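For clarity, every value in this text was computed on a predicted model and none was experimentally measured.
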Amino acid sequence: MKPLRPILALFCLLLGTFARAEPYQILTEEWAPYNYQQGDQLTGMATDIVRAIMTLTGDGFEILVVPSMRATHGLTNRPRTIMYSLFRTPEREALFKWVGPIAEESIYPYQLAGTPTPVNSLDQLRLAPQITTRHAGLIPQVLESRGFDNLEKRATSSQQLYRMLLAGRTGIIVGDTDAGVAYYSAQLGIAPGTLRRVPVALYRSALYIAFSKDSDDGLVAAWADALEQLRLSGDLARIQQRYWRPTTYEPRY
């Protein structure tokens, strides 16, 4: 059986070579205005930033839009995987390699303007009959960890959150940054002044590009350098401004 050993060794070497040669893949989720489908085109603030980075680095990695849980699972378990846009939390810090930030964001609850019981404090939020959020993701996890026991996690999309609020099926929603609220308000034709931001930031963090732990350090450094070039040239700010202005979106009823 000894002659088989060199063959097995060669086979293992070839397998290792193929594994190392596996192309990088970029994953993202549907989360406007950072990454979202507009017709058959993938667009968004973070998408434009990632593409601008790849223009500078010369990379042409495929970008796939998948559900949120599948994206984070792929980032954790698939070799040579990149994901955007991801909040950089203490729990995630050691799991990935990071490039960013690409945006600094806060998430506030919203209710209808003119509601007879306006909410203005954290204590009032805890005592509210219900707060509606998406069924999965970082925000419901954060709120549950902070002791909120009045969460209704029925919404499967951001659009559903706003429709529930407008229809009177909930009094408070939470799930999007201010840029996201601007996007969905324009998309759903919600008139200015219809929504009221509750003046309590429930989450503050920065959005990053995350790399699987096996990713080459040289690649991560090249992307970090490219992002810094975008920052110094003013291109990063110009991309961000395009998506912070509600007029950049076309209503879609």
Side-chain angles (χ1 to χ4, degrees), residues 27-36 44-47 65-76 83-93 95-96 98 100-112 119-167 169-185 187-188 190 195-210 243-244:
L27 301 177
T28 193
E29 61 179 306
E30 183 83 11
W31 189 41
Y34 307 99
N35 12 273
Y36 64 98
M45 180 195 298
T47 299
V65 182
V66 297
S68 175
M69 299 300 289
R70 183 177 161 192
T72 52
H73 181 270
L75 180 63
T76 305
M83 179 182 173
Y84 72 94
S85 315
L86 201 64
F87 281 117
R88 186 173 182 174
T89 67
E91 295 78 14
R92 292 170 171 170
E93 181 65 34
L95 299 177
F96 314 117
W98 301 90
I102 55 177
E104 304 275 350
E105 299 291 3
S106 297
I107 291 181
Y108 292 83
Y110 277 79
Q111 61 182 168
L112 292 176
V119 173
N120 293 296
S121 70
L122 184 61
D123 287 340
Q124 287 179 309
L125 283 171
R126 294 186 188 280
L127 295 174
Q130 70 181 32
I131 298 173
T132 303
T133 185
R134 286 188 288 268
H135 72 288
L138 177 64
I139 299 307
Q141 292 174 9
V142 168
L143 294 180
E144 286 177 336
S145 71
R146 295 179 63 182
F148 281 85
D149 58 7
N150 56 347
L151 298 182
E152 180 189 53
K153 301 185 291 181
R154 285 195 298 154
T156 58
S157 67
S158 287
Q159 291 95 328
Q160 189 177 2
L161 280 178
Y162 298 95
R163 290 186 176 116
M164 290 174 68
L165 182 63
L166 293 170
R169 293 165 55 197
T170 187
I172 302 171
I173 61 172
V174 60
D176 291 306
T177 64
D178 288 347
V181 173
Y183 168 80
Y184 286 111
S185 293
Q187 187 191 59
L188 297 172
I190 301 174
L195 305 180
R196 173 185 182 267
R197 187 176 80 171
V198 175
V200 180
L202 291 176
Y203 189 73
R204 298 181 191 271
S205 189
L207 292 173
Y208 278 74
I209 304 165
Y243 292 92
W244 280 332

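Between the side chains of T132 and R154, no donor-acceptor pair is found at a separation under 3.5 Å. Of the N and O atoms on the side chains of T177 and Y34, at least one donor lies less than 3.5 Å from an acceptor on the other residue. Looking only at atom types and distance, the side chain of Y162 has no donor-acceptor partner in the side chain of Q187 under 3.5 Å away.
Relative ring orientation between Y36 and Y243 is described as perpendicular, the plane-to-plane angle rising above 60° on a 0-90° scale split at 30° and 60°.
Shortest non-hydrogen contact noted between S205 and R88 is OG-O, 3.6 Å. Between I107 and D176, the shortest heavy-atom distance links the atoms CG2-O, 3.7 Å. In terms of heavy atoms, T28 sits closest to S85 at OG1-N, 4.0 Å. For the residue pair P101 and A206, the shortest heavy atom distance occurs at CB-CB, 3.6 Å. The nearest pair of heavy atoms linking A210 to L86 is CB-CD2, 3.8 Å.
Listed by chain and number, the residues in a side-chain contact (heavy atoms from CB on, under 4.5 Å) with R196 are Q111, A113, P118, N120, V198, P199 (sequence neighbours excluded). In terms of the ring pair (Phe, Tyr, Trp, His ring centres under 6.0 Å) criterion, Y84 has no residue partners (sequence neighbours excluded).
Checked against the 6.0 Å centroid criterion, the rings of Y208 and F96 do not qualify as a close aromatic pair.
The shortest distance between side-chain heavy atoms of L122 and R146 falls below 4.5 Å. Put simply, the side chain of L125 reaches to within 4.5 Å of the side chain of F148, judged on heavy atoms. Taking 4.5 Å as the limit, every side-chain heavy atom of L95 sits out of range of all side-chain heavy atoms of T76. Looking at heavy atoms from C-beta onward, E29 lies out of side-chain contact with R70 at the 4.5 angstrom threshold. Side-chain contact check for I131 versus I173: every heavy-atom pair is 4.5 Å or farther apart.
A salt bridge is absent between R169 and E152: the closest approach of a Lys/Arg side-chain nitrogen to an acidic carboxylate oxygen does not fall below 4.0 angstrom.
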